[in-house]
Amino acid sequence: MAIFLPLSLWQKHLRYVKDDKYWELVLDKLSNPNPFYDYQDCDRIGISRVMVNAFVNIIWQDIDDELKLCLQLSLPVHNIKNGVRDDILVSYWANTLRYTQELGEYKRQLQYYLEELLDCFLLLKFESRDVCLPIETYDIIKSLHISEPSIIWDGALGLTEIGQWHSLIQIELVNNKICELPQSPDCPKLKVLLLQGNADLLDIPDLFFDHMPLLQHLDLSYTSIRDLPPSLAKLMQLKKLYLKGCDLFMEISPQIFQLKNLEELDLHGTLITHLPKDIQELINLQRLALCFDAYHHVLSRGKRGKQIFNTMIIPRGVISNLTQLNYLSLDVDPEDEQWSENVISVLVEILGLEKLKTVSMYVPKADLLELIPAEKSLNFRLVVGHHMRRLISRVTPELDTKFKDFDYSMKFVNGVNVPKGVTMNLCRFKALYLDRHMTIKSLSDFNLNNVRRLEVCILAECNEMETIVGGDNLPDERFSLMLELLSVFYMKNLRSICQGCGSFYYLKYMALHTCPMLTTIFTLRTFISLPFLEEIHVEDCPKVTTLISHDSPKRKAAFFLPKLRVISLLYLPNLVNIFNGLPVEHVLAEMIFYCCPKLQSLSRSELAWEYLKFIKGERMWWEALDWSVSEWGNAGRPYYEQFFKPINVEADMMNAPAAHQETQLNKYHGGMYQGVSSSTELITPLLLPSTPFPLSSSKEGEAQKRKAVIEPIIVPPLSKKKPNQV
């Protein structure tokens with residue numbers, strides 16, 4: 001390989017060259033060492049200097065910067081010198097580069113780069129689809145990465161020479177302690193600059209962006225900056241600008257309006273009070289996230305407050321002129337009277353945007369939904385209904401936040417009766433969150449045909465609701481909902497989950513919290529068809545005695561729950577058994593019990609030792625369990641003792657419900673990217689260049705610390721075909 005590889009590289013690289021003078025130049029480059037390359041490592045490991053010169057002086061100088069970046073990104077990939085699958089390598093590149101939008105398009109571009117690297121033998125491919133970085137090439141690129149890096153990753157330490165910035169294509173220093181930036185770094189190749197999560201960063205020097213002509217992606221989210229420097233206007237190639245969570249940022253800097261190529265602008269979580277008309281100058285803007293949440297905090301500040309009060313949040317005609325928008329998010333204070341006056345014109349303009357695909361906004365009156373044409377196909381994420389901010393919510397903040405980002409979703413707050421605007425549009429939604437509905441008795445009140453397509457349903461404090469599906473409007477024939485996730489919180493009068501001939505055939509996850517009147521969870525009719533049920537969580541429902549209510553104790557036919565793997569039963573003082581004596585075949589792996597004093601025995605149908613990982617509960621409860629000799633013989637407690645774990649009240653119960661619900665909702669939202677980079681085994685230690693920015697000298701820093709929330713890599717949601725459609 002030591003002889004063949006350099007010959008192959010040269011042959012591929014020079015196969016079209018016919019100019020004699022160029023060949024003379026090549027021979028000169030082969031014989032003369034590169035003054036910027038450290039030859040000590042190659043001498044130590046026995047790599048020919050001719051090969052090093054060929055690579056460093058000829059090939060490396062001629063390949064595109066993007067290819068250099070991909071090669072350097074490959075260095076930490078586990079087993080890259082022996083072979084890794086090509087799709088895994090491309091996914092790792094995409095994940096490391098934090099490609100969060102239009103992932104398919106980016107992956108196609110990265111696939112093209114992979115083919116280019118294979119074509120010139122910089123990467124080698126085996127018949128098994130594995131690709132590798134030859135050992136000699138790996139060592140040379142590693143040395144180049146240290147002396148002439150294309151990318152700086154998180155956690156780097158101490159790069160002080162600004163000259164090293166010259167070769168950088170991407171700088172990624174997320175959640176560091178950076179408090180100061182250099183005055184005017186020379187970055188002619190820099191395309192991506194990620195500085196989010198540096199809470200101590202207060203200011204950006206006026207000339208900081210002067211020498212970054214190719215910068216396309218700038219992320220300053222969750223920093224303490226108050227404004228942007230004049231040099232921002234020189235970033236004529238900038239396409240993405242993120243200022244999310246900059247809660248000291250009060251006005252949209254006028255320099256932003258000069259960025260004619262800007263496609264994405266995120267101002268969510270800032271202190272801006274209105275949208276200037278000059279936003280119309282961003283004619284290529286495709287994604288816009290705005291937040292006017294702090295309106296009332298600023299309103300009380302003297303003359304400025306009066307000026308704000310007399311200014312429309314979004315002036316008329318602004319949204320309609322952003323004709324390239326395909327995503328729009330408007331987060332508004334629900335107590336803001338100005339928005340109530342502004343929302344109609346904004347909604348009308350939104351409905352007129354032809355390229356708009358997704359819109360997230362607050363609609364204070366349900367009647368306004370009647371403005372939406374039936375034929376309008378938009379991915380709405382709506383909060384509907386007038387409400388005030390609550391300091392305490394029954395639903396966990398994590399679950400509430402996740403729901404807000406769910407596609408085709410509506411949160412209906414403080415509803416009364418069944419507004420026409422809701423019934424007209426409910427069938428277009430896949431996720432419904434009813435929060436404090438005052439009068440509804442059942443979801444069937446919305447008309448069963450309107451709720452049949454729901455896949456996610458969260459119900460909280462709907463105190464007149466007696467059953468989730470039921471009432472006088474049910475059809476006589478058997479019907480099935482498409483619901484996959486059901487979470488219920490603090491329902492004072494809820495007595496049952498389903499009445500009549502209803503079925504939750506597609507249900508995967510169910511959680512019931514604090515329903516004091518609930519007695520019936522499943523009946524024989526609803527329990528017989530739950531082939532996809534994976535998790536059941538029941539908490540603080542004092543009248544629940546069993547999961548299945550029935551009058552047929554002699555039934556012998558077995559029920560099949562082929563995917564049920566988790567049961568959590570907490571604070572159920574009257575729980576006597578789990579399946580009420582019915583034979584049930586399942587794959588339970590995790591069982592959690594707490595404060596269920598009347599659950600004094602477990603039957604064979606409730607324990608599946610083949611799949612069981614653990615049973616958690618109180619030690620006293622476990623030791624008091626009755627293991628009937630007639631059912632268990634002498635092997636009951638002795639065998640299952642190995643699976644028992646004493647419960648940790650704080651870890652297993654205070655946090656578990658929220659964690660389970662967030663995990664489940666992640667699945668329906670598209671989920672976190674589960675590619676190769678999520679595995680620590682894939683990453684091997686690598687000497688990286690260090691940070692070019694000074695770090696704060698103290699843990700507290702100059703600004704108050706805030707927890708920086710960095711968005712994960714998201715892949716497009718998987719197709720949600722039902723089992724009978726596969």
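Please read all numbers here as calculations on a predicted model, not as lab measurements.
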Practice problem: Could you walk me through whether Lys355 and Gln324 pass side-chain contact (heavy atoms from CB on, under 4.5 Å), step by step? | Solution: CA-CA 6 Å; Lys355 294 187 177 182; Gln324 301 301 309; 2.8 Å; yes
*side-chain contact (heavy atoms from CB on, under 4.5 Å) assessment of Leu144 paired with Ile140*: CA-CA 6 Å; Leu144 285 169; Ile140 296 173; 4.1 Å; yes
Review point. Can you check side-chain contact (heavy atoms from CB on, under 4.5 Å) on Tyr327 and Gln286, steps first, answer last?
Key: CA-CA 6 Å; Tyr327 173 90; Gln286 298 177 17; over 6 Å; no
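A pairwise comparison of heavy atoms in Leu201 and Glu180 identifies CD1-N, 4.2 Å as the closest pair. Here the closest heavy-atom approach between residue Asp186 and residue His166 is recorded as OD2-ND1, 3.4 Å. Shown here for Tyr222 and Cys246, the closest heavy-atom pair between the two residues is N-SG, 4.0 Å.
Scanning for side-chain contact (heavy atoms from CB on, under 4.5 Å) contacts around Asp130 gives Arg85, Phe126, Ser128, with sequence neighbours left out. Considering only residues two or more places apart in sequence or on other chains, Leu207 meets the side-chain contact (heavy atoms from CB on, under 4.5 Å) condition with Ser184, Asp210.
With hydrogens and angles disregarded, no donor-acceptor distance shorter than 3.5 Å links the side chain of Asp64 to the backbone of Glu66. In this structure, Ser224 contributes its side chain and Ala199 its backbone to a donor-acceptor pair below 3.5 Å. At distances below 3.5 Å, not a single donor-acceptor pair connects side-chain atoms of Ser329 with backbone N or O atoms of Ala289. Side-chain atoms of Asn176 do not come within 3.5 Å of backbone N or O of Ile178 as any donor-acceptor pair.
More than 12 heavy-atom neighbours from other residues, nucleotides or ligands sit within 6.0 angstrom of NZ on Lys260. Around NZ of Lys239, the count of heavy atoms belonging to other residues, nucleotides or ligands within 6.0 Å does not exceed 12.
A salt bridge is absent between Glu263 and Lys240: the closest approach of a Lys/Arg side-chain nitrogen to an acidic carboxylate oxygen does not fall below 4.0 angstrom.
Considering CG of Leu235 and CZ of Phe208, their distance stands at 9.5 Å, rounded to 0.5 Å. For the atom pair Ile225 CD1 and Leu248 CG, the distance stands at 9.5 Å (nearest 0.5 Å). Separation of atoms CG (Asn82) and CG (Leu133) is listed at 11.0 Å; rounding is to 0.5 Å. The structure places CG of Leu356 at 10.5 Å from CG of Leu322, a figure rounded to the nearest 0.5 Å. From Asn379, atom CG reaches atom CG of Asn326 across 11.0 Å, with rounding to the nearest 0.5 Å. Distance check: Ile169 CD1 to Ile171 CD1 gives 11.0 Å after rounding to the nearest 0.5 Å.
In this structure, Lys430 is positioned above the aromatic face of Tyr408, its NZ or CZ under 6.0 Å from the six-membered ring centre and within 45° of the axis.
The shortest distance between side-chain heavy atoms of Leu89 and Ser74 falls below 4.5 Å. Within the 4.5 Å cutoff, the side chain of His211 has no heavy atoms near those of the Pro185 side chain. With contacts defined as side-chain heavy-atom distances shorter than 4.5 Å, the pair Trp93/Leu114 qualifies. Using a 4.5 Å heavy-atom threshold, the side chains of Glu264 and Leu241 count as separate. Residues Asp278 and Ile256 form no side-chain contact, since every pair of their non-hydrogen atoms from C-beta on lies 4.5 Å or further apart. Looking at heavy atoms from C-beta onward, Leu232 lies in side-chain contact with Leu218 at the 4.5 angstrom threshold. For the pair Glu484 and Tyr509, the minimum side-chain heavy-atom distance is 4.5 Å or more. Side-chain contact between Leu71 and Ile63: present, with at least one pair of heavy atoms (C-beta onward) separated by less than 4.5 Å.
Among Asp266, Leu228, Thr223, Asp219, the one residue that satisfies the side-chain contact (heavy atoms from CB on, under 4.5 Å) test with Leu243 is Leu228. Put simply, the residue from Gln170, His145, Lys142 that forms a side chain to side chain donor-acceptor pair (under 3.5 Å) with Gln72 is His145.
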